[in-house]
Structures are given as structure tokens and as C-alpha cells.
Amino acid sequence: MAKLPKRREDYSAWYNELVKTADLAENSDVRGCMVIKPYGFSIWEKMQQELDKRFKETGHSNAYFPLFIPKSYLSKEASHVEGFAKECAVVTHYRLKNDPNGGGVIVDPDAKLEEELIVRPTSETIIWNTYKNWIQSYRDLPILVNQWANVVRWEMRTRLFLRTTEFLWQEGHTAHATQAEAEIEAKQMLEVYADFAENILALPVIKGVKTTNERFAGAIDTYCIEAMMQDGKALQAGTSHFLGQNFAKAFDCKFTSKENKIEFVWGTSWGVSTRLMGALIMAHSDDEGLVLPPNLAPIQVVIVPIYKTEEQLNAITEKVNIWKSELVKKGISVKFDSRDTQSTGWKFAEYELKGVPVRVAIGPRDLENNTCEVARRDTKEKTSISADNLVHHIEVLLPEIQKNIFQKAFDFRKKQTHNVNTWDEFKDAITNKIGFISAHWDGTSETEEKIKEATKATIRCIPIDNIQETGKCVFTGNPSKERVIFALNY
RNA sequence: CGGGAAGUAGCGUAGUCUGGUAUCGCGCCAGCAUGGGGUGCUGGAGGUCGUGGGUUCGAAUCCCGCCUUUCCGACCA
């Protein structure tokens with residue numbers, strides 16, 4: 001198997017190769033679309049499970065809305081259409097026929113759709129058009145719905161997981177009777193995402209609000225969680241939007257309040273996508289391959305036997321079976337890889353590449369001494385422990401690995417977050433350092449644009465729990481009351 | 001969508017300038033040895049040279065179109 005490129009030498013190539021060699025995904029024959037392979041998908045499924053559990057706990061139900069959206073719906077909300085029109089796939093016909101000239105199948109010109117359909121880039125429009133029919137009274141509210149779906153955004157430049165033409169995600173869409181309730185919902189889901197990111201993905205995130213420039217097309221406020229990758233670039237890992245009454249107005253979605261007044265419904269939407277796979281990879285993995293946090297690893301522990309004879313394997317298997325059943329009882333996923341088609345060293349390298357958090361090796365010498373060798377993926381430490389103690393050891397070790405992976409990412413982010421106060425310092429940081437820049441900003445889109453033009457850095461977010469401190473905008477010198485996070489981003 | 005680079009066996013590549021159907025490594029298959037970090041030796045299988053046209057007696061090689069990947073821009077979760 002080919003060695004991975006080194007992160008330091010070519011971060012981009014390292015990422016691309018890792019995604020493929022670790023069996024996560026590959027390019028398909030359709031431009032910009034990927035095949036998510038079984039191992040990659042099993043990680044995505046773990047993400048889904050954890051998120052879905054949290055959505056249910058916060059009162060949401062899953063539903064499903066169509067893939068196709070009538071073209072006219074998109075244009076009902078002005079800024080929404082502006083944001084998405086340029087990247088929509090459009091269905092114009094519903095039938096093929098044999099080419100009379102013998103060139104295979106062609107689009108049947110007689111099967112033109114009266115109204116063209118777009119493939120959803122997101123579902124606000126069709127959902128609000130549906131909600132309109134569901135809501136008459138304040139008694140019908142709130143509606144708390146989520147859907148797991150695929151969406152299509154016709155991107156010019158794609159990368160596996162980070163930006164693909166078709167991607168998988170969840171989109172929550174809620175409807176509320178009051179502004180306050182909708183705002184609380186949007187913030188609540190941001191908290192859910194942050195909790196998931198930090199505790200499951202082991203990914204430290206900054207919770208923040210987007211500037212006007214970066215806001216979702218159609219939202220009043222866009223909240224986000226931003227994470228730092230190992231190359232110092234920012235990656236938006238999740239967003240939650242307070243939509244105000246924008247979509248309700250666009251789709252005439254009204255209700256009668258307790259006070260017998262007719263009012264527009266307040267809305268939110270929130271989503272995370274398969275992009276999280278990219279975040280996971282780029283935040284933790286190393287030159288040997290994937291590093292998966294235990295809470296997300298499809299296989300948490302792999303046991304590799306070392307043996308020559310059948311008797312040895314039998315003796316090992318007997319021991320391993322006891323371990324396995326005890327570990328499974330504790331909810332730990334274990335794989336015993338006793339294949340004799342691959343060598344021991346090959347297996348070691350393979351499970352490192354795939355990011356399995358803990359590897360246990362047991363051979364004849366261990367059988368004699370009643371020991372086994374435990375290796376952790378995050379630190380590559382190997383220790384020999386008593387075989388009787390293995391189950392307990394792993395039980396303690398997994399959370400420790402989880403914590404360590406988070407801490408490592410946290411320390412890195414801290415080290416690579418630079419407080420700057422002058423434009424010279426800003427330019428120096430953006431060219432000579434990597435990471436986040438925390439700086440004062442005068443609050444105008446104009447300044448943000450100019451900084452972007454000069455440095456390519458954009459405001460990733462205004463942190464929610466920001467310390468209020470007076471200062472001067474790093475670009476214009478105008479007064480500012482808090483620092484914002486600038487960075488290059490994915 | 002604009003500019004650069006690339007596409008040869010499952011993967012990575014040589015050959016392209018100077019036209020004569022293809023090199024090497026990994027992987028795959030068989031056998032023997034090996035087995036506590038990608039094991040060694042021997043033998044073997046596997047190729048519409050991305051694709052469609054053109055030039056030529058003859059094209060991986062020269063010319064044109066298209067597709068895909070990649071990097072840089074514009075756009076974006």
C-alpha cells in the first residue's frame with residue numbers, strides 16, 4: 001500500500017490520499033460526486049445516530065420532503081434565490097427515447113416539463129410551502145421537524161467530503177409562534193451541534209454568529225460552529241439560522257394567535273453535512289492515517305493474534321472470545337482479526353491507517369506470561385499489561401483517548417489563535433503564521449470586504465460568549481466593542 | 001466558469017520531444033520458506049495507453065474536440 005504524503009509537505013495531497021486509502025470515499029464517474037465507501041459510511045452513520053438522538057431529545061421528529069422543488073418556489077424569497085440560483089441542477093424533461101439516428105438514448109423533446117423542477121440545494125421553500133397548510137392556529141405550533149437527505153449544489157470546485165456536488169446532511173426546519181421562541185430554538189440547536197462536535201468528534205469549536213456577508217441566504221441571523229484544521233484554516237462545521245418571518249412571508253404562512261390576531265410564523269433551520277467527515281479527518285489525523293475519536297470509531301478495539309500453529313491460535317481465540325463478550329457487554333465495539341491471509345505487520349499498519357483507537361496484540365509469549373500488548377492510536381504508545389486486566393484497562397483507556405484527542409486539538413487552536421491590534425500585525429499573522437486571528441473590526445461589510453481583498457481572510461464569526469472590550473478596528477481604526485475571528489477558510 | 005498541470009494493468013509510474021502496439025515497483029494468483037511492525041525467494045496472470053475524430057503504410061507518441069482529476073483564481077456548507 002502506498003505511503004501517504006506528509007502533512008507538512010503537501011496538506012492538500014495528504015488529505016485527498018488519506019480519504020481514499022483509508023477507504024472512506026472515492027471519486028465517482030460523475031463530476032464532483034463521490035462514492036462513500038462502507039467504512040466511511042459507517043463513520044457517517046455514527047454521526048447520524050449521535051445527532052439524531054440529540055434531535056429527538058430536544059423534541060424533534062424526522063420527516064421527509066421531496067428531492068424536487070418547483071422552480072417558482074425558489075424565487076419567492078428574494079435573497080434566498082439570489083444565494084442559490086447559480087448552483088441549482090434543473091430537471092427539464094421526464095422521458096428519454098431511442099435516438100432515431102441510432103445514437104443511443106436522447107432526451108425526448110416532447111416530454112418537456114411544464115414547470116421545471118430544481119434539485120433541492122436546501123429545502124426551506126418546499127417546507128414552508130407545506131407548513132403553510134399545516135398551520136392555522138397557535139395550537140399547531142411549534143413544528144419541530146428534521147430531515148435526513150441529500151442535496152445538490154453545483155459547485156465549480158469540489159473536494160471529497162469538503163465540497164461535493166451532491167452531499168448528505170440533515171436539515172431541521174422549525175416553525176414557532178413567537179420571535180423569542182424561534183431565537184431560542186436556533187441557539188439551542190447551535191448548542192446541540194457544539195456539544196456533538198466537542199464530545200463526539202473531539203473537535204473544539206467556537207460558537208458564533210455570522211456577519212452579514214457570510215449569512216445564510218434568507219436568514220436574519222446565522223449562528224455557526226467554527227473549527228480549526230491542522231493547517232490552521234477554519235472550517236464551518238455546522239450552522240443554525242434564525243429565519244425571522246422571511247419564509248413565512250414569502251409563503252404566506254400565517255396563524256391566529258391566542259389574542260385572535262393573524263400573524264406570520266417565525267422560523268429556524270439548521271444543518272450539518274458530510275462535510276463533518278472532512279473536519280474529523282483534518283482535525284485529528286496524522287501521517288500514518290486516520291485518528292478516530294473512540295466515541296465515533298466504528299471499531300473501537302481491534303485484537304490481532306500472533307501465532308504460528310493452530311494450537312496457538314485456538315488458545316488465543318479462547319481468550320479473545322471471553323474478552324470480546326465482556327467488552328461487548330460494556331458497549332465497546334471489538335473486532336478480532338484472525339485472518340491468516342495478512343501478516344501481523346500489515347494488519348498493524350492497516351488499522352493505523354483506518355484510525356482504530358486501540359489495538360490489542362496477543363501472541364505465544366503473552367500466553368505464557370498471561371499478558372497482552374495494548375497500543376493506542378492517538379499517541380502510538382504501546383504497553384504490556386496483564387491479560388486479566390485488559391477489559392478494565394480498555395474501559396478506562398477509551399475515554400482517556402477521547403479526551404486526549406480533544407485536548408490536542410484544543411491546545412493547537414489556542415496556540416494558533418493570534419490576538420492582533422494593528423494592520424501590520426494582521427498582515428504579518430496572515431502571511432507568516434497559520435490559524436485564527438482575533439482582532440477588532442468596525443462592524444461594516446465594507447471593511448470586511450477590503451480585508452478579504454487584501455489578505456483573503458474573512459470573518460469566520462463573532463464569538464457568542466465574547467468578552468466585550470473597547471478597541472479600534474484593525475483596518476480603519478474606527479471604534480469597536482469586541483474582537484472577531486478572522487481566518488482563511490475551507 | 002477562466003488559467004496551468006496531468007490521465008499508460010487494481011494503484012503509482014517509464015516511454016511521448018525524435019511515430020514501429022509498452023518499462024519498472026506495489027498489489028493480485030501459485031508454490032516454498034517466514035510469522036512480536038507493511039516478510040523473502042521462485043514462477044505466473046493482468047493493458048480498448050481517458051475518450052471521439054484527424055494525419056500516417058503504421059499513433060501511447062503528432063494535430064483537433066470532449067471527459068475526468070489536480071493546482072491557482074471567481075463562487076460556495
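Chain naming here is simple, since letters A, B, ... match the order of the sequence lines and numbering starts at 1 in each.
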[atom1] gap between [N] and [M], integer Å:
| N | M | atom1 | answer |
| --- | --- | --- | --- |
| B/A60 | B/U48 | P | 12 Å |
| B/U51 | B/A59 | C1' | 15 Å |
| B/U68 | B/G46 | P | 32 Å |
| B/G2 | B/G27 | P | 42 Å |
| B/G15 | B/C71 | P | 24 Å |
| B/C57 | B/G43 | P | 43 Å |
| B/C49 | B/C24 | C1' | 16 Å |
| B/C67 | B/A77 | C1' | 27 Å |

Has [X] got a side-chain N or O lying under 4.0 Å from the OP1 or OP2 atom of [N]?
| X | N | result |
| --- | --- | --- |
| A/Arg31 | B/U68 | yes |
| A/Asn16 | B/C71 | yes |
| A/Arg359 | B/G37 | no |

Between [N] atom [atom2] and [X] atom [atom1], what is the distance in whole Å?
| X | N | atom1 | atom2 | answer |
| --- | --- | --- | --- | --- |
| A/Trp154 | B/A77 | CH2 | P | 18 Å |
| A/Tyr15 | B/U70 | OH | P | 11 Å |
| A/Trp346 | B/C26 | CH2 | P | 16 Å |
| A/Ile316 | B/G36 | CD1 | P | 12 Å |
| A/Leu488 | B/C72 | CG | P | 12 Å |
| A/Leu190 | B/A77 | CG | P | 16 Å |
| A/Arg365 | B/G35 | CZ | P | 12 Å |
| A/Leu51 | B/A77 | CG | P | 19 Å |

Check every atom of [options] against the side chain of [X] and return the nucleotide holding the closest atom.
| X | options | answer |
| --- | --- | --- |
| A/Thr164 | B/A77, B/C72, B/G36 | B/A77 |
| A/Ile306 | B/G35, B/C71, B/G38 | B/G35 |
| A/Pro364 | B/G38, B/A77, B/G36 | B/G36 |
| A/Asn27 | B/G36, B/C75, B/U69 | B/U69 |
| A/Phe348 | B/G37, B/C71, B/A77 | B/G37 |

A/Leu488 side, atom CG; A/Ile434 side, atom CD1 - distance, nearest 0.5 Å
10.0 Å
Nearest 0.5 Å, please: how far is CD in A/Glu50 from CZ in A/Phe55?
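Atom-to-atom, A/Phe55:CZ and A/Glu50:CD are 11.5 Å apart.
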Of A/Glu352, A/Arg377, A/Arg376, which meets side chain to side chain contact (heavy atoms under 4.5 Å, CB included) against A/Arg359?
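Output: one option passes, namely A/Glu352.
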Students often get this wrong, so: under 4.0 angstrom with heavy atoms, is [X] touching a base, only sugar-phosphate, or nothing?
| X | answer |
| --- | --- |
| A/Glu155 | base |
| A/Ser384 | nothing |
| A/Glu352 | base |
| A/Leu162 | base |
| A/Gly289 | nothing |
| A/Ser12 | sugar-phosphate |
| A/Ser343 | sugar-phosphate |
| A/Lys382 | base |
| A/Phe216 | nothing |

When you compare the side chains of A/Asp52 and A/Trp148, does any donor N or O come within less than 3.5 Å of an acceptor on the partner?
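On atom types as modelled, these side chains qualify, holding a pair under 3.5 Å.
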When you check the gap from the basic side-chain N to the acidic O, do [X] and [Y] get nearer than 4.0 Å?
| X | Y | result |
| --- | --- | --- |
| A/Lys354 | A/Asp23 | yes |
| A/Asp287 | A/Arg8 | no |
| A/Lys6 | A/Asp10 | no |

Heavy atoms, side chains only, cut-off 4.5 Å: are A/Arg275 and A/Gln236 in contact?
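A/Arg275 vs A/Gln236: side chains touch.
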Does the side chain of A/Asn129 reach to within under 4.5 Å of the side chain of A/Phe65, using non-hydrogen atoms?
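Answer no - side chains too far apart.
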In terms of the nearest nucleotide of RNA chain B, which residue is placed more toward the 5' end: A/Val30 or A/Arg275?
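Looking at RNA chain B, the more 5' nearest nucleotide goes with A/Val30.
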Find which nucleotide of RNA chain B each of A/Phe167 and A/Asp340 is nearest to by heavy atoms, and output the residue with the more 5' nucleotide.
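Its nearest nucleotide being more 5', the pick is A/Asp340.
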Can you give the dot-bracket line for RNA chain B, using ( ) for pairs inside the strand, [ ] for pairs that cross earlier ones, | for pairs with another strand and . for unpaired bases, where Watson-Crick and G-U count if both distances are under 3.5 Å?
((((((((.[[[..)....(...]]].((((((.....)))))).....[[[[[..)....]]]]])))))))....
Could you check A/Gln300 against A/Lys335 for side chain to side chain donor-acceptor pair (under 3.5 Å), going step by step and ending with a plain yes or no?
CA-CA 8 Å; A/Gln300 293 172 307; A/Lys335 175 174 175 171; over 6 Å; no
